[in-house]
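Given the structure is predicted, the values throughout are model-derived calculations rather than measurements. Numbering starts at 1 and runs along the sequence shown.
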Amino acid sequence: MTTEDRFSMSAEKYLAKHNILVYLEDSVAQLLEHREENPKTNAVKFFSEYFNSLRDGNHTMFREYNFVQATPHNRASFVRLFWKCYRQIGKKGDLLSIQEYHSLISLLCPDFPFEPVQKTARIILLDDALDCLISFADFIYAFQVQFYYDEFMEKCHEIYLSLMQTQRSPRDPVVVPSGTEDTKVHQNSHHPSDGVDAMQYFRAVYPLCDRSTFSTPPGNCLKEILFNVPRVSFYGFLMALAKSESINDHIGWLPQKSELLDGPESEIAFPTIRMKTKTRPVSATGNSKHSSSQNVYTTQTSSSSLSSHSNKGKNSQINTRKTKKRKDSSEESSSDSDSDSSDDTN
């Protein structure tokens with residue numbers, strides 16, 4: 001947003017556009033809950049930590065789904081958080097099912113529904129192959145566009161079905177009476193699998209970019225996708241959105257696909273603001289009884305902290321062995337003294 005646009009907006013429109021009231025209300029609610037357990041909480045420090053976490057994109061960790069999906073910034077931050085926590089899966093080349101991806105997401109947001117993950121799988125896989133395994137890179141970019149543009153995709157699906165319905169009528173056989181035995185039958189040459197006319201679909205979808213209250217891709221990104229093909233299917237359109245580097249740049253929270261797995265593991269700063277709930281996250285193994293936020297910590301700890309923990313364990317083991325040796329030697333010396341005293345008595 002340019003400076004002129006910002007100052008030309010009314011105060012109410014600016015607050016609504018950037019969801020300022022959502023964060024103000026949430027920060028106050030979090031402070032009141034936090035003070036129930038810690039009455040001496042410093043409000044200024046608390047708000048500083050809250051908005052620093054919001055700026056860095058760590059504020060959605062362990063929060064409820066209603067908050068995670070409440071704003072575009074929250075949605076993009078959550079996708080980046082998922083990438084930062086689990087990108088070692090991609091580095092190892094592991095392929096996971098949609099149930100396993102949902103379990104990993106549930107470690108970060110315990111009440112995250114299965115439906116968005118299932119919709120993500122439909123972008124990548126055919127309906128009859130949803131039980132196939134998916135690579136991390138394919139999943140993360142499809143999940144990003146599905147979660148970030150969820151309402152836009154719903155509208156696009158409705159438009160697509162409407163266009164398909166309109167072109168079904170001409171496809172039905174039409175008998176042209178000629179009065180002869182050579183009755184002519186005219187039929188549309190396109191099949192349902194061909195999708196719809198790409199330009200017609202663009203003209204129907206493009207107005208959403210200007211009139212919608214929800215997040216939509218930039219119009220020029222839609223042109224890049226739909227101007228280069230004669231016809232398009234709905235899931236072909238969604239796959240093109242997921243693969244578009246322009247749309248990934250527009251959202252601005254994930255690196256390009258070529259850099260997705262590059263760089264060292266970075267340590268994630270855990271927010272002080274956490275969801276206050278009795279619900280425990282569901283682990284990737286399906287054992288919810290013993291799973292907790294500690295399951296997430298292990299995926300986010302840097303290699304240096306891991307080595308320090310292992311060194312502490314080794315030192316404690318060495319100290320234990322030294323103590324045991326001293327104890328054994330003292331017992332041996334006491335037994336020797338006892339035997340000497342018994343010899344003197346004799």
Side-chain angles (χ1 to χ4, degrees), residues 55-58 60-61 68 72-98 100-105 107-108 116-117 119-126 129-130 132-150 152-153 156 198 209 215-229 232-269 284 296 299-304 306:
R55 178 201 61 204
D56 298 337
N58 297 324
T60 58
M61 185 181 290
V68 169
H73 177 69
N74 287 7
R75 297 184 187 192
S77 300
F78 186 79
V79 174
R80 180 174 175 81
L81 179 66
F82 180 84
W83 166 71
K84 290 172 73 175
C85 288
Y86 301 121
R87 66 174 175 165
Q88 69 269 21
I89 294 173
K91 287 185 176 182
K92 293 177 182 177
D94 293 338
L95 303 177
L96 302 181
S97 66
I98 55 175
E100 288 170 323
Y101 279 115
H102 181 247
S103 294
L104 293 176
I105 291 173
L107 292 174
L108 303 176
V117 184
K119 287 181 177 179
T120 300
R122 285 201 177 101
I123 298 176
I124 306 166
L125 306 170
L126 297 174
L130 292 181
C132 291
L133 303 182
I134 305 172
S135 70
F136 181 79
D138 287 340
F139 179 83
I140 192 72
Y141 288 109
F143 179 60
Q144 176 179 239
V145 296
Q146 175 59 56
F147 191 43
Y148 192 81
Y149 295 125
D150 183 50
F152 171 76
M153 289 186 173
C156 287
C209 299
S215 299
T216 62
N220 60 335
C221 293
L222 296 180
K223 288 180 181 178
E224 288 177 8
I225 294 170
L226 296 174
F227 277 31
N228 295 321
V229 290
V232 65
S233 67
F234 178 66
Y235 287 108
F237 172 64
L238 298 190
M239 177 57 80
L241 291 177
K243 290 183 176 181
S244 171
E245 304 229 344
S246 302
I247 288 179
N248 185 55
D249 291 340
H250 173 71
I251 298 174
W253 283 80
L254 285 182
Q256 297 295 341
K257 194 167 186 177
S258 59
E259 303 171 357
L260 185 70
L261 307 177
D262 294 345
E265 293 296 328
S266 57
E267 203 170 309
I268 297 174
V296 184
T299 65
Q300 301 158 3
T301 309
S302 63
S303 56
S304 59
L306 281 174

[X] to [Y] - nearest heavy-atom pair and separation:
{"X": "Met153", "Y": "Leu241", "answer": "CE-CD1, 4.2 Å"}
{"X": "Val229", "Y": "Ala198", "answer": "O-CB, 3.1 Å"}
{"X": "Leu125", "Y": "Cys132", "answer": "CD1-O, 3.9 Å"}
{"X": "Trp253", "Y": "Arg80", "answer": "O-NH1, 2.8 Å"}
{"X": "Tyr86", "Y": "Phe136", "answer": "O-CE1, 3.6 Å"}
{"X": "Ser97", "Y": "Leu133", "answer": "N-CD2, 3.6 Å"}

Distance, nearest 0.5 Å, that separates [atom1] of [X] from [atom2] of [Y]:
{"X": "Glu100", "Y": "Ile105", "atom1": "CD", "atom2": "CD1", "answer": "12.5 Å"}
{"X": "Ser215", "Y": "Arg75", "atom1": "OG", "atom2": "CZ", "answer": "6.5 Å"}
{"X": "Leu261", "Y": "Arg87", "atom1": "CG", "atom2": "CZ", "answer": "7.5 Å"}

Can you find a heavy atom in the side chain of [X] that is under 4.5 Å from one in the side chain of [Y]?
{"X": "Ser246", "Y": "Asn220", "result": "no"}
{"X": "Leu96", "Y": "Leu104", "result": "yes"}
{"X": "Lys84", "Y": "Asn58", "result": "yes"}

Just distance, no hydrogens or angles: give the donor-acceptor pairs under 3.5 Å from side chains in residues 139-149, sequence neighbours left out.
from: Tyr141; atom 1: OH; to: Pro255; atom 2: O; distance (Å): 2.6
from: Tyr141; atom 1: OH; to: Gln256; atom 2: O; distance (Å): 3.3
from: Tyr141; atom 1: OH; to: Lys257; atom 2: N; distance (Å): 3.0
from: Gln144; atom 1: NE2; to: Asn248; atom 2: OD1; distance (Å): 3.1
from: Gln146; atom 1: NE2; to: Asp150; atom 2: OD1; distance (Å): 3.0

| Of the options Leu238, Ile134, Ile98, which is the one that meets Ile124 in a side chain to side chain contact (heavy atoms under 4.5 Å, CB included)? |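 So, applying the side chain to side chain contact (heavy atoms under 4.5 Å, CB included) to Ile124 and each of Leu238, Ile134, Ile98, only Ile134 qualifies.
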
| With no hydrogens and no angle check, do the side chains of Glu224 and Ser244 hold a donor and an acceptor under 3.5 Å apart? |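 The criterion, which ignores hydrogens and geometry beyond distance, is not satisfied for Ser244 and Glu224.
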
| field | Phe152: ring pair (Phe, Tyr, Trp, His ring centres under 6.0 Å) partners, not counting sequence neighbours | value |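 With neighbours one apart ignored, the set is empty.
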
